[in-house]
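Written below as structure tokens is the structure these notes are about.
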Amino acid sequence: MKKANSVVILDFETTGLSPVQGDRAIEIGAVRLVDGKVEQQFQRLMNPGRPISAFIAQYTGITNQMLATAQPCAQVMAEFADFIADDNLIAHNAQFDKRFLDAELERIGRHYSGQFGCSLLVSRRLFQQAPNHKLGTLVDFHNLAVEGDFHRALFDAQMTAKVWQVMLNHISYRYNIKDIPFSLMQKVAKTSKSKVATLLGQFEVN
DNA sequence: TGCCAGGCCCTCTTTAGGGCCTT
């Protein structure tokens with residue numbers, strides 16, 4: 001039974017930037033938020049079947065040795081497809097993670113039915129005063145507690161979840177809106193910066 | 001041989017260019 005306010009926040013580490021150019025996933029991390037609380041976590045390394053570059057090893061801290069004993073992508077992604085079920089999905093710069101999720105699931109003939117939300121796009125609308133909208137910068141900007149390493153999938157998913165919660169709380173407090181639906185966050189992401197206040201004002205409870 | 005991501009978004013815009021983000 002799907003819970004109405006359940007969402008999966010995910011992050012991929014990969015061999016590079018483009019699945020079209022042959023890049024593969026090497027780690028998936030995700031948290032399931034239900035009514036704003038982390039109810040489940042998912043983290044797996046996966047073996048892409050080829051060595052990763054020195055740059056990716058340095059960038060992520062994931063080594064070829066670590067991947068040598070990991071399950072293959074197909075096995076991990078099948079487990080992850082089961083994990084996400086039909087929940088909506090969130091990622092920081094979602095178009096990047098969506099491309100890899102689509103490519104990896106296509107390889108194993110699996111699909112998902114949820115929509116993708118993007119914490120980067122929402123942040124650009126809500127926090128125009130932030131120095132930039134990189135995940136690490138937003139964690140600093142909002143003074144969020146950090147215990148882990150950036151550029152590892154589960155940690156980045158956890159931090160994205162915290163940023164998402166900050167944004168929900170900001171809208172809830174600023175506009176007095178309770179129980180903000182996923183669909184409203186999607187509207188925020190698609191609205192121009194100059195019109196976001198007007199959009200949210202329409203939902204304000206006086 | 002040579003090249004190599006791509007969608008969003010701003011602006012000195014729309015007959016375009018370049019920075020931002022993700023690994």
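For clarity, every value in this text was computed on a predicted model and none was experimentally measured. Side-chain atoms are counted along with the backbone in the values below, which use heavy atoms only and exclude waters and symmetry mates. Lettering follows sequence order; numbering is per chain, from 1.
A distance of about 33 Å separates the P atoms of dC3(B) and dC10(B), rounded to the whole Å. Here, dG2(B) and dG6(B) have their P atoms 22 Å apart, quoted to the whole Å. Between dT13(B) and dG7(B), the distance separating the two P atoms is 24 Å to the nearest Å. Going from the C1' atom of dC20(B) to that of dT1(B) covers 32 Å, rounded to whole Å. dT11(B) and dC4(B): their C1' atoms are spaced 28 Å apart (whole Å). A distance of about 16 Å separates the C1' atoms of dC8(B) and dT14(B), rounded to the whole Å. Spacing between dG18(B) and dC12(B) at atom C1', rounded to whole Å, works out to 12 Å.
Ranked by how close their nearest DNA chain B nucleotide is to the 5' end, F12(A) and V20(A) are led by V20(A).
Residue-level contact check: F100(A) touches neither bases nor backbone, having no heavy atom under 4.0 Å from any strand. Residue contacts for S192(A): at a heavy-atom cut-off of 4.0 Å it reaches no nucleic acid atom on any strand shown. Counting any heavy atom pair closer than 4.0 Å across all strands shown, I26(A) reaches no nucleic acid atom. E13(A) comes within contact range of the sugar-phosphate backbone alone, with a heavy-atom separation under 4.0 Å but no base atom that close. Using a 4.0 Å heavy-atom criterion, one finds that D97(A) contacts no nucleic acid atom at all. Using a 4.0 Å heavy-atom criterion, one finds that A189(A) contacts the sugar-phosphate atoms exclusively.
Between K134(A) atom NZ and dC20(B) atom P the separation is 8 Å, expressed in whole Å. For I28(A) and dT22(B), the CD1 to C1' distance is 13 Å, given to the nearest whole Å. Nucleotide dT23(B) holds its P atom 13 Å from the CD atom of Q58(A), rounded to whole Å. To the nearest angstrom, C1' of dG6(B) lies 13 Å from NZ of K98(A). In this structure, CZ of R124(A) is placed 10 Å from C1' of dC10(B), rounded to the nearest angstrom. The nearest whole Å value for the distance from the CG atom in N132(A) to the C1' atom in dC8(B) is 16 Å. When the P atom of dA5(B) is taken as reference, atom CD of Q21(A) falls 6 Å away, rounded to whole Å. Atom P of nucleotide dC21(B) and atom CZ of F150(A) are separated by 14 Å, given to the nearest angstrom.
Using a 30° and 60° split on the angle between ring planes, F100(A) and F12(A) fall in the tilted class, from 30° to 60°.
Under the 6.0 Å distance and 45° angle rule, R110(A) does not count as a cation-pi partner of Y112(A).
Out of dC21(B), dC4(B), dT23(B), the shortest distance to the side chain of F96(A) is found at dT23(B). Side chain of N93(A), nearest nucleotide from dT22(B), dC8(B), dT23(B): dT22(B). Between dG6(B), dC20(B), dT23(B), one nucleotide has an atom nearer to the side chain of D156(A) than all others, and that is dT23(B). When distances are taken from the side chain of L135(A) to each of dT22(B), dC10(B), dG6(B), the shortest belongs to dT22(B). For L17(A), counting side-chain heavy atoms from C-beta on, the closest listed nucleotide (dA5(B), dC8(B), dC21(B)) is dA5(B).
A heavy-atom distance below 4.5 Å is found between the side chains of I84(A) and F80(A). Taking 4.5 Å as the limit, every side-chain heavy atom of R107(A) sits out of range of all side-chain heavy atoms of M77(A).
At a cut-off of 3.5 Å, with distance as the only test, no side-chain donor of T14(A) or D23(A) sits close to an acceptor on the other residue. Between the side chains of N132(A) and T137(A), at least one donor N or O lies within less than 3.5 Å of an accepting N or O.
To the nearest 0.5 Å, the span separating CD1 on I62(A) from CD1 on I56(A) amounts to 9.0 Å.
OP1 or OP2 of dC20(B) has not a single side-chain nitrogen or oxygen of H133(A) nearer than 4.0 Å.
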